[in-house]
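Got a structure for you, written out below as structure tokens; questions coming shortly.
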Amino acid sequence: MDNTAVADTLDRIAAYLDLKGENTFRVRAWRNAARTVEGFTVPLATAIADGSLEQAKGIGPAILQVIVELVETGRSEMFETLREEVPSGLVEMMAISGLGVAKIRQLHTALGIETLPELEEAARDGRLAALPRFGARTAEAILKGIAFLRQSSQLHLAHHARDELNEIAAALAAHPHISAVYPAGEVRRRTEVVRDLTLVAVADIPPAELFRMLGDLPSVNEVTGTDERRATLRFGSRPPVQLIVTPPQNLGAVLVQATGSAEHLERLTSHATERGFNLAGAALWQGSRFVPTPDEATLYQALGLPWVPPELRETGEEIGRPVPPLLERSHLRGFLHCHTSYSDGTNTVAQLALACRDAGYEWIGITDHSRAAAYAGGMQPDDLRRQWDEIDEFNAANHGILVLKGIESDILADGALDYPDDILAQFDFLIASVHSRFNLGEAEMTARFLRAIESPYLTIIGHPTGRLLLSREGYAVDLDAIFEAAGKAGVAIEINADPYRLDLDWRVLGRAREAGVMISIGADAHSVAGLANVDFGVAIARKGGLGPDDILNCRSAGDFLAFARARRE
DNA sequence: GCCGTTTTCGGCCCGACTGTTTTCAGTCG
């Protein structure tokens, strides 16, 4: 079992214990252990062997034993027992906003509710609202929550979808008749959520024959919906994957069509038709002449068009336009937005800094939570002084990366930042984010941001809408008003690269740029493993058409500091 | 369940809002 699966299982154990009414600190211990496991950048088997797992904070004998069992055998006695004791529907209900374990337990005991459909029925027929401390509004909120959950369950977060596809692609690539496998669809276009998992395989035998052979593999549960070149495969309990098979001479045409979007393809097809081509099937034809397209560039070229990077294939308007210079990971010189063990991260300043150095960054901005974020171990003034001393000491030792002193300050309800100015003045830069009071009206929320922007110490606005993909809508806020104010004030706005956020949305990046806003890529890393988030931030910037000149992290440390200081003078 | 020590138990993450009550339990970040 890999690290992610182990972390998921630990979280699930925590949920079961919680639902059983266990001590909350015991529950929290399992949740914390899941976060610790996520923070490991080496496979857990390695961490078990070299003793580093045992040494890790939050991993005691009981949890260690379960992790070892999971890694070695893929299952856990404790987990299996819990799974039999607690109905799985109750765990699903924990994802409904407004429903916590206490209420779920009450529903279970009082009404015998064990599944989402049963919950929905009780919310509709009035039984739920009649319970003590429930009511009509709660029933309403739960129905909305169920609807949201249903919708979300059809979708995958980008990083989950990518991991699924990569694993299956690797397995398929080992097949003797498959020479290459490419992720396609939304995963390749780097959308923030993904509906369909699509792979393109290049094979040297007819698709039907290949599908038959794949169907005989023990890891493949099901091959369905077969037409002449596509089938839906199910590997074990994983979500279904659409596999499209092509000979090498049509790879370009097939990959373009498998990648989409529908709007891009529609425009591309009509462009082809106007020029006497036909792109409807699995290949490109010019009249009755077959046009080989061994890669995508050949296809676009045949149609007299520049190749379009997959991230930009959305509205169709990108066709025929020159491709703008797009951001690449290698352009980034600075790493921004990370949490250390001073607040809710799992690694030290030095561990994060050295990992960033090894990943090729020149500088890193440390941004732990400010004091109002008590739930996340927000920093008291004493903590700040200790961290600043630690950073000074680290920088004095010349480790080959510069550490900057930052903070992720809460934006309080009235728009004030979370420390007095004399403390704010001592940071090299500031990220400021909203972490509470989400349900102000749009006008009040917007005013809150505008007031924060007035502070000369603010450098970057963090995760501007507060959305959590597939679990929480962003709060109501006038983004364009914020763009305008930030652009004028010289305040940057973050693309939060946490794959659960990806906030700003790529669809609004063009408007931010037009308003003169600098964009920063904020990893929101809570461990060394979180450094990998940056890849998602880069993808979102590219989808929004942004290049290195638009991105604050592409500056040298000196230029970044000058950007922050310019506001204070 | 884990941690840390003035070690083998006591403390661990807390403050504010929401919908329900009519004083507060439950949820959230």
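Lettering of chains follows the sequences in order, A, B, ..., and the numbering in each one begins at 1. Heavy atoms only: backbone and side chains are in, while hydrogens, waters and symmetry mates are out.
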Checklist entry - Which one, B:dC2, B:dG29, B:dC12, comes nearest to the side chain of A:Ile63? => result B:dC2
Checklist entry - When you compare B:dT27 with B:dT20, how far apart are their P atoms, in angstrom units rounded to a whole number? => result 13 Å
Checklist entry - Rounded to the nearest Å, what distance is computed from the CE atom of residue A:Met94 to the P atom of nucleotide B:dG29? => result 13 Å
Checklist entry - A:Met78 CE to B:dG1 C1': how many Å, rounded? => result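 Atom-to-atom, A:Met78 to B:dG1, this comes out as 9 Å.
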Checklist entry - Taking the C1' atom of each, how far is B:dC13 from B:dC2, in whole Å? => result 15 Å
Checklist entry - When you compare B:dC14 with B:dC9, how far apart are their P atoms, in angstrom units rounded to a whole number? => result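 So the two P atoms sit 24 Å from each other.
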Next on the checklist: Regarding A:Ala56, tell me which of base, sugar-phosphate or nothing describes its non-hydrogen contacts under 4.0 Å with the strands shown.
Outcome noted: sugar-phosphate
Checklist entry - Using a cut-off of 4.0 Å on non-hydrogen atoms, how would the nucleic acid contact of A:Leu17 be classed: base, sugar-phosphate, or nothing? => result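 The residue A:Leu17 makes no contact with any strand.
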Item to check | C1'-based separation of B:dT22 from B:dG29 [nearest Å] | outcome: 28 Å
Item to check | Options B:dG1, B:dA16, B:dT20, nucleotide nearest the side-chain atoms of A:Arg437 | outcome: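 So the nucleotide nearest the side chain must be B:dA16.
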Checklist outcome for this item: Which of B:dA25, B:dG29, B:dG1 is nearest the side chain of A:Arg133? It is B:dA25
Next on the checklist: Given B:dG1, B:dC17, B:dG19, identify the nucleotide with an atom nearest to the side chain of A:Thr138.
Outcome noted: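 Nearest listed nucleotide: B:dG19.
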Checklist entry - Under 4.0 angstrom, heavy atoms only, what part of the nucleic acid is A:Val27 near: base, sugar-phosphate, or nothing? => result nothing
Next on the checklist: Angle between ring planes, A:Tyr361 versus A:Phe335, binned at 30° and 60°: parallel, tilted or perpendicular?
Outcome noted: perpendicular
Checklist entry - Would you find a donor on one side and an acceptor on the other, under 3.5 Å apart, between the side chain of A:Arg542 and the backbone of A:Leu327? => result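 Yes, the answer is positive, given that a donor and an acceptor are paired below the 3.5 Å cut-off.
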Checklist entry - So, is A:Ser97 near the phosphate of B:dT27, with a side-chain N or O under 4.0 Å from OP1 or OP2? => result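 Indeed not, no polar side-chain atom of A:Ser97 lies that close.
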Checklist entry - For A:Gln380 and B:dC14, what is the distance between atoms CD and P respectively, to the nearest whole Å? => result 11 Å
Checklist entry - How are the rings of A:Tyr500 and A:His159 set relative to one another: parallel (under 30°), tilted (30 to 60°) or perpendicular (over 60°)? => result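 Perpendicular: the ring planes of A:Tyr500 and A:His159 meet at over 60°.
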Checklist entry - Does A:Asp418 reach the main-chain N or O of A:Ala372 with its side chain, forming a donor-acceptor pair under 3.5 Å? => result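 Between the backbone of A:Ala372 and the side chain of A:Asp418 there is a qualifying donor-acceptor contact (under 3.5 Å).
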Checklist entry - In whole angstrom, what separates A:Leu10's CG from B:dC2's P? => result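 Atom-to-atom, A:Leu10 to B:dC2, this comes out as 11 Å.
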Checklist entry - Has A:Arg371 got a side-chain N or O lying under 4.0 Å from the OP1 or OP2 atom of B:dC14? => result no
Checklist entry - Which one, B:dT18, B:dC2, B:dC14, comes nearest to the side chain of A:Ala374? => result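 Closest of the options to the side chain of A:Ala374: B:dC14.
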Next on the checklist: Could you check, using the six-membered ring where one of them is a Trp, whether A:His337 and A:His526 have ring centers closer than 6.0 angstrom?
Outcome noted: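 No, ring centres 6.0 Å or more apart.
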Checklist entry - Parallel under 30°, tilted from 30 to 60°, perpendicular over 60°: which one fits the rings of A:Phe429 and A:Phe560? => result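 Ring orientation, 0 to 90° scale: perpendicular.
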Next on the checklist: Whole angstroms only, please: what is the CZ-P distance between A:Phe438 and B:dG29?
Outcome noted: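 Rounded to the whole Å, the gap is 6 Å.
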Item to check | Closest-nucleotide 5' rank along DNA chain B - winner of A:Arg28 and A:Gly60 | outcome: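 It is A:Gly60 whose nearest nucleotide is closer to the 5' end.
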Next on the checklist: Quick test of the criterion, 5.5 Å between centres and less than 30° between planes. Is A:Tyr375 stacked on B:dC13 or not?
Outcome noted: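 One would not call A:Tyr375 stacked on the B:dC13 base.
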Checklist entry - Quick one: do A:Lys488 and A:Glu484 make a salt bridge, cutoff under 4.0 Å? => result yes
Checklist entry - According to the Watson-Crick and G-U wobble definitions, with both distances under 3.5 Å, which nucleotide is paired to B:dT8? => result none
Next on the checklist: If I pick the C1' atom on B:dA25 and the same atom on B:dT21, what distance separates them, to the nearest angstrom?
Outcome noted: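 Here B:dT21 and B:dA25 have their C1' atoms 10 Å from each other.
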Checklist outcome for this item: From CD1 of A:Ile59 across to C1' of B:dC3 the rounded distance in Å is 13 Å
Checklist entry - Atom CG of A:Asp18 and atom P of B:dG26: how far apart are they, to the nearest Å? => result 12 Å
Item to check | Side chain of A:Ala29 (C-beta onward), nearest among B:dG26, B:dC2, B:dG29 | outcome: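 Minimum distance to the A:Ala29 side chain belongs to B:dC2.
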Checklist entry - At under 4.0 Å between heavy atoms, what does A:Ala136 touch on the DNA or RNA strands: base, sugar-phosphate, or nothing? => result sugar-phosphate
Next on the checklist: Taking only the C1' atom of each, what is the distance from B:dC3 to B:dT8 in whole angstrom?
Outcome noted: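 12 Å, rounded to whole Å.
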Item to check | Whole-angstrom distance between B:dC17 and B:dT23, as gauged at atom C1' | outcome: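 The answer is 15 Å between these two C1' atoms.
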Checklist entry - Between B:dT27, B:dG1, B:dT20, which nucleotide gets closest to the side-chain atoms of A:Lys103? => result B:dT27
Checklist entry - Between atom CG in A:Asn23 and atom C1' in B:dG10, what is the gap in whole Å? => result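 After rounding, the gap between these two atoms is 12 Å.
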Checklist entry - Has A:Lys57 got a side-chain N or O lying under 4.0 Å from the OP1 or OP2 atom of B:dG4? => result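 It does, given that an N or O in the side chain of A:Lys57 lies less than 4.0 Å from OP1 or OP2 of B:dG4.
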Checklist entry - Mapping A:Asn439 and A:Leu131 onto DNA chain B by nearest heavy atom, which one lands closer to the 5' end? => result A:Asn439
